[in-house]
2 protein chains.
Amino acid sequence: MQPIESLQQQFEARCRKLGLAVTHQRTVIYRELVATGEHPTPEAVYERVKAQIPAISLGTVYKNVKTFLDAGLLKEVSLHHGTLRLDANTDPHHHMVCRQCRRIFDIPESEIEPVRLKNLPESGFQIDRFSIEVLGVCGACAAARE
Amino acid sequence: MQPIESLQQQFEARCRKLGLAVTHQRTVIYRELVATGEHPTPEAVYERVKAQIPAISLGTVYKNVKTFLDAGLLKEVSLHHGTLRLDANTDPHHHMVCRQCRRIFDIPESEIEPVRLKNLPESGFQIDRFSIEVLGVCGACAAARE
DNA sequence: ATATTAAACGATAATTATTCTCATTTGTCA
DNA sequence: TGACAAATGAGAATAATTATCGTTTAATAT
Ligand SMILES: [Mn+2]
Ligand SMILES: [Mn+2]
Ligand SMILES: [Zn+2]
Ligand SMILES: [Zn+2]
């Protein structure tokens with residue numbers, strides 16, 4: 001029979017594979033992140049974790065969030081460019097974002113087949129528009145890697 | 001014959017329609033935003049404008065950027081949630097974002113037809129993945145508006 | 001053209017988000 | 001168990017953004 005791994009065991013295994021120490025803080029941060037079905041801010045994670053580890057520091061939450069993002073244990077919702085990025089082109093269009101140099105390129109709307117939802121959005125969500133981002137590496141950065 | 005409106009004239013007309021004064025600062029900020037084909041930060045806009053209006057304040061740039069965003073003269077690239085939003089769900093999936101309450105809802109990947117580019121991306125961009133965001137108003141917020 | 005006035009501006013303080021530094025503690029591995 | 005690198009906590013530092021307030025300016029009605 002297959003061994004059934006608990007979330008905790010899976011987490012520990014992934015940490016080992018990544019060479020990360022399995023600390024109490026790390027464990028609780030990850031557990032709380034999974035527990036909320038939401039898309040919390042680092043601050044919100046801190047609040048949840050602090051209920052269990054009152055002495056934890058917000059810096060520790062930030063550090064581990066970053067570690068988890070790098071490791072692929074977490075994703076960020078919407079690209080976090082650190083600061084607002086503006087676009088005076090108000091024609092509907094989409095974007096390619098290079099994860100190396102962070103540059104942003106336009107894609108004309110006509111280049112992409114229209115997005116289609118297979119079902120009506122649950123819970124009466126009223127759709128305004130779709131925003132598509134193509135994530136990857138731009139030609140220049142790909143070339144620079146040899 | 002049709003009158004051909006310069007960008008400047010179009011800008012002034014839109015300001016009047018919105019009840020916004022046509023100030024020198026506003027005019028130059030908008031002109032520079034359009035001039036750069038890029039997706040600049042407010043700071044970068046400030047630098048460009050300062051070359052023409054040395055006494056301008058960064059606060060003025062921020063205020064007008066916000067005004068322009070509200071008015072629809074500008075768009076933001078990627079949704080700017082103000083702070084990082086995390087997702088422990090690493091299965092490929094997409095999101096609906098309510099522009100009223102800013103809540104974020106999951107959409108399973110299976111609910112959306114795969115994105116198709118009609119042509120190969122120019123300039124050798126290597127695609128990693130697509131991120132789709134459905135922008136609109138959630139059921140709760142729509143109901144609350146009567 | 002000039003006066004009136006609300007809106008916009010500039011300077012700068014305040015706030016919020018995030019990162020950094022460094023002394024201390026803790027997990028890992030021999 | 002002991003050694004040591006990694007991780008943590010406290011708090012300072014930085015970066016991004018917003019707020020305050022006295023002065024200037026654009027709009028508009030004389
Ligand atoms: Mn664009
Ligand atoms: Mn999600
Ligand atoms: Zn690049
Ligand atoms: Zn809502």
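All of these numbers come straight from a predicted model, not from anything done at the bench. Letters A, B, ... mirror the listed sequences (proteins, then strands); counts begin at 1.
- If you check D:dA27, C:dT28, C:dC9 against the side chain of A:V22, the one that comes closest is C:dT28.
- Side-chain contact, B:R31 with B:Q52: a donor N or O sits under 3.5 Å from an acceptor N or O.
- The nucleotide whose nearest atom lies closest to any side-chain atom of B:T83 is, among C:dT18, D:dT17, D:dT8, C:dT18.
- Of the two residues near DNA chain C, B:G59 and A:L58, the one whose nearest nucleotide lies more 5' is B:G59.
- Across all strands, B:K63 comes closer than 4.0 Å to base atoms (heavy-atom distances).
- Take the nearest nucleotide of DNA chain D for B:S57 and for A:G19: the residue whose nucleotide is more 5' is A:G19.
- In this structure, the nucleotide among C:dC9, C:dG27, D:dG9 sitting nearest to the side chain of B:R26 is C:dC9.
- When the local axes at the two ends of the helix from C:dA1-D:dT30 to C:dA30-D:dT1 are compared, using 5 base pairs at each end, they differ in direction by 40° after rounding to 10°.
- Atom CG of A:N64 and atom P of D:dA6 are 15 Å apart (whole Å).
- Under 4.0 angstrom from either OP1 or OP2 of C:dG27 there lies no side-chain N or O belonging to A:Q25.
- A donor-acceptor contact closer than 3.5 angstrom links the side chains of B:H39 and A:D106.
- The list of salt bridge (Lys or Arg N to Asp or Glu O under 4.0 Å) pairs with a residue in residues 45-69 of chain A, not counting sequence neighbours, reads A:E32-A:R48.
- Between B:H81 and A:H80, the distance from one ring center to the other does not fall under 6.0 angstrom.
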Q.
Does A:E133 form a side-chain hydrogen bond (donor to acceptor under 3.5 Å, both in side chains) with B:S78? I'd like the steps, not just the answer.
A. CA-CA 8 Å; A:E133 282 169 3; B:S78 305; 2.7 Å; yes

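- For the pair B:T23 and B:Y62, nearest-nucleotide mapping onto DNA chain D gives the more 5' position to B:Y62.
- Heavy atoms from other residues, nucleotides or ligands lying under 6.0 Å from CD of A:E38 number 12 at most.
- As judged by a 4.0 angstrom heavy-atom cut-off over every strand, B:H80 is placed among residues touching the sugar-phosphate backbone only.
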